[in-house]
Chemist: 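Structure in structure tokens, see below.
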2 protein chains.
Amino acid sequence: MSAQKVDRPTFHEGGHEHQGCIEAALARAEVVCRERGARLTPLRRRVLELVWRSHRAVKAYDLLAALGDEEGAAKPPTVYRTLEFLMDMGLVHRIDSLNAFIGCPQPDRRHSAQFLICGGCGEVSEMSAASIDRAVADQATGSGFALSRQIIELHGKCPQCAALPQSS
Amino acid sequence: MSAQKVDRPTFHEGGHEHQGCIEAALARAEVVCRERGARLTPLRRRVLELVWRSHRAVKAYDLLAALGDEEGAAKPPTVYRTLEFLMDMGLVHRIDSLNAFIGCPQPDRRHSAQFLICGGCGEVSEMSAASIDRAVADQATGSGFALSRQIIELHGKCPQCAALPQSS
DNA sequence: TGAGAGATGATATAGTGTAACGTGGATGTC
DNA sequence: GACATCCACGTTACACTATATCATCTCTCA
């Protein structure tokens, strides 16, 4: 049902009913928060919903603007705090190379993540490739390095955008 | 002679004479620029030297401050332009997760890079692991994704810092 | 009912990065 | 030599990203 599978990264998922993605994400969030004794307040829920409006990474100040439109001009700390909470819950990830945020399609499962970021359409697809994890872990521990967090962001073109003529 | 080998990432390279790292980096830069018909101006040379003052990633505004101390208050665009040039030449890399820059130990060789970033001492070690490249490339192309740039930044503790007691 | 914890509001400011235009020096051409 | 051109650098102004700090509100629970 989820439009964003992790085993096989997808882009422009064929005419999918995106509302379903949003609802599924919110439902997962309810579960995750309940399990962890955290409160999914209206604000947090609303921000998560805004993050999930697309499969592109969203900037904090765009969220800010979207919130401002509706509930009396939110301020930066509000958004950043909310994003921090959502990240703690594993509900969103930060894409460092974009200074932006993306919803996590499987917050319920412990996983490492790698991101495919299309420079054409802007869509971001999360994957969790064991082969990459293994290579990274081997390389790190082989150097005596104690790995705590891996940032893997792969820029390029998704299949659809790569097929376009004027890619240059 | 280079204090920063790529095949085997290193940290706190045993009491090394760091001046040698700097000089080697500048010498490599001369070669790279000459080969590519680019001008390693005094400013560019000076910025590269400042980047190489340590094996930690350096922030743009720290460079700005260092330059300001000496040659009449440089302005942000000056530093960013210079860094962009150095990146184009492959002489420095940007570490996105730190908003900071690090000298490249082998600008003369085409290579992909992965970075080990120690949260203890702040040192950054570049490596170029074929196994990681392979895993990433396989995964990307397997999804029909046309990879153009990979960002791999691994945070953790270097062997020396991991061995300290209060790591927590 | 009152204390404490957690969530949000509000103000101010710090940190990061770029657009746009001006200046000056090197180089090549006539 | 005079001029055109390109490139590096200077300068101003501003946009974007993020956080510190303190105030307020609300829920829970003793």
Side-chain angles (χ1 to χ4, degrees), chain A residues 29-30 32-34 36-51 56-89 91-102 122 151 153, chain B residues 29-30 32-34 36-51 56-89 91-102 122 151 153:
Chain A
E30 298 280 6
V32 166
C33 289
R34 190 173 336 115
R36 300 181 50 174
R39 292 165 52 195
L40 187 63
T41 64
L43 175 64
R44 290 166 174 174
R45 191 184 161 84
R46 181 67 184 127
V47 168
L48 182 60
E49 189 180 351
L50 288 171
V51 167
R56 280 175 273 107
V58 186
K59 304 226 143 207
Y61 274 67
D62 289 343
L63 292 172
L64 196 51
L67 286 174
D69 285 351
E70 37 195 54
E71 17 200 320
K75 303 289 189 301
T78 301
V79 166
Y80 282 102
R81 270 192 302 234
T82 306
L83 286 169
E84 190 180 10
F85 170 84
L86 295 173
M87 285 192 290
D88 285 348
M89 291 296 125
L91 295 166
V92 311
H93 296 294
R94 180 183 161 81
I95 308 293
D96 285 285
S97 56
L98 298 177
N99 292 340
F101 303 84
I102 185 89
I151 293 164
E153 300 174 7
Chain B
E30 297 280 7
V32 166
C33 288
R34 190 173 335 116
R36 300 181 49 174
R39 292 165 52 196
L40 188 63
T41 63
L43 175 64
R44 290 166 174 174
R45 191 184 161 84
R46 180 68 183 123
V47 168
L48 182 60
E49 189 180 352
L50 288 171
V51 167
R56 279 174 274 107
V58 185
K59 305 226 144 207
Y61 274 68
D62 289 344
L63 292 171
L64 196 52
L67 285 174
D69 286 351
E70 37 194 53
E71 15 199 323
K75 303 288 190 303
T78 300
V79 167
Y80 281 102
R81 270 193 301 234
T82 305
L83 285 169
E84 190 179 10
F85 169 85
L86 295 173
M87 285 192 290
D88 285 348
M89 291 296 126
L91 296 166
V92 312
H93 295 294
R94 180 182 162 82
I95 307 293
D96 285 285
S97 56
L98 298 178
N99 292 340
F101 303 84
I102 185 88
I151 293 164
E153 301 174 7

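Throughout, a chain's letter reflects where its sequence line sits, starting with A, and its residues are numbered from 1.
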Chemist: Can you check the Ile95(B) CD1 to dT16(C) P distance for me, whole Å?
Modeler: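 My rounded result for the distance is 15 Å.
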Chemist: Are more than 12 heavy atoms, taken from residues, nucleotides or ligands other than Arg94(B), located less than 6.0 Å from that residue's CZ atom?
Modeler: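 Above 12, so yes.
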Chemist: For Thr78(B) and dC9(D), is the shortest distance between a side-chain N/O and OP1 or OP2 below 4.0 Å?
Modeler: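 It does not, given that no N or O in the side chain of Thr78(B) lies less than 4.0 Å from OP1 or OP2 of dC9(D).
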Chemist: For Lys75(A) and dC16(D), give me the distance from atom NZ to atom P, rounded to whole Å.
Modeler: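 About 18 Å, once rounded to whole Å.
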Chemist: Between the side chain of Thr78(B) and the main-chain N/O of Ala74(B), is any donor-acceptor distance below 3.5 Å?
Modeler: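 Flag not set: sc Thr78(B) to bb Ala74(B) has no pair under 3.5 Å.
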Chemist: Under 4.0 Å between a side-chain N/O of Thr82(B) and OP1 or OP2 of dA8(D), yes or no?
Modeler: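 Checking Thr82(B) against dA8(D): no side-chain N or O falls below 4.0 Å of OP1 or OP2.
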Chemist: How close do Val58(A) and Val51(A) get, counting heavy atoms only, and between which atoms?
Modeler: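 Scanning both residues, the minimum pair turns out to be CG2-O, 3.7 Å.
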Chemist: Specify the separation, in whole Å, of atom CG of Leu64(B) and atom C1' of dT12(D).
Modeler: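 Whole-Å distance recorded here is 14 Å.
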Chemist: Check the distance between dA7(C)'s P and Leu40(A)'s CG and give it to me in whole angstrom.
Modeler: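 Leu40(A) atom CG is separated from dA7(C) atom P by 11 Å.
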Chemist: Could you state the CG-P distance from Leu67(B) to dT11(D), rounded to the nearest angstrom?
Modeler: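 Checked: the CG to P distance equals 13 Å.
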Chemist: Any chance you could list the contact pattern along nucleotides 17-27 of chain D? Use B for base contacts, S for sugar-phosphate-only contacts and - for none, protein heavy atoms under 4.0 Å, 5' to 3'.
Modeler: BBBB-------
Chemist: Within the structure shown, what part of the strands sits under 4.0 Å from Thr41(A) by heavy-atom distance: base, sugar-phosphate, or nothing?
Modeler: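 Sugar-phosphate: the residue Thr41(A), judged by heavy atoms under 4.0 Å, touches backbone atoms but no base.
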Chemist: Give every donor-acceptor pair under 3.5 Å between a side-chain atom in residues 38-45 of chain B and any protein atom, sequence neighbours left out.
Modeler:
from: Thr41(B); atom 1: OG1; to: Arg44(B); atom 2: N; distance (Å): 3.3
from: Arg44(B); atom 1: NH1; to: Arg39(B); atom 2: O; distance (Å): 2.7
from: Arg45(B); atom 1: NH1; to: Glu30(B); atom 2: OE2; distance (Å): 2.6

Chemist: Under the salt bridge (charged side-chain N to carboxylate O under 4.0 Å, His left out) criterion, do Arg46(A) and Glu49(A) qualify, and how do the steps go?
Modeler: CA-CA 5 Å; Arg46(A) 181 67 184 127; Glu49(A) 189 180 351; 3.4 Å; yes
Chemist: Could you check how far CZ of Phe85(A) sits from P of dT8(C), rounded to whole Å?
Modeler: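 It works out to 8 Å between those atoms.
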Chemist: Under a 3.5 Å distance rule, please check whether Lys59(A) uses its side chain to pair with a backbone N or O of Leu98(A) as donor and acceptor.
Modeler: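 Side chain of Lys59(A) to backbone of Leu98(A): a pair is present.
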Chemist: Strictly distance-based, threshold 3.5 Å: is any side-chain N or O of Glu153(A) a donor or acceptor partner for the main-chain N or O of Asp96(A)?
Modeler: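 It does hold such a pair.
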Chemist: How long is the line joining CZ of Arg45(B) and P of dA8(D), in whole Å?
Modeler: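 Nearest whole value for this atom pair: 17 Å.
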Chemist: Starting from P on dG9(C), measure out to CG on Leu43(A) and report it in whole angstrom.
Modeler: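 Nearest whole value for this atom pair: 6 Å.
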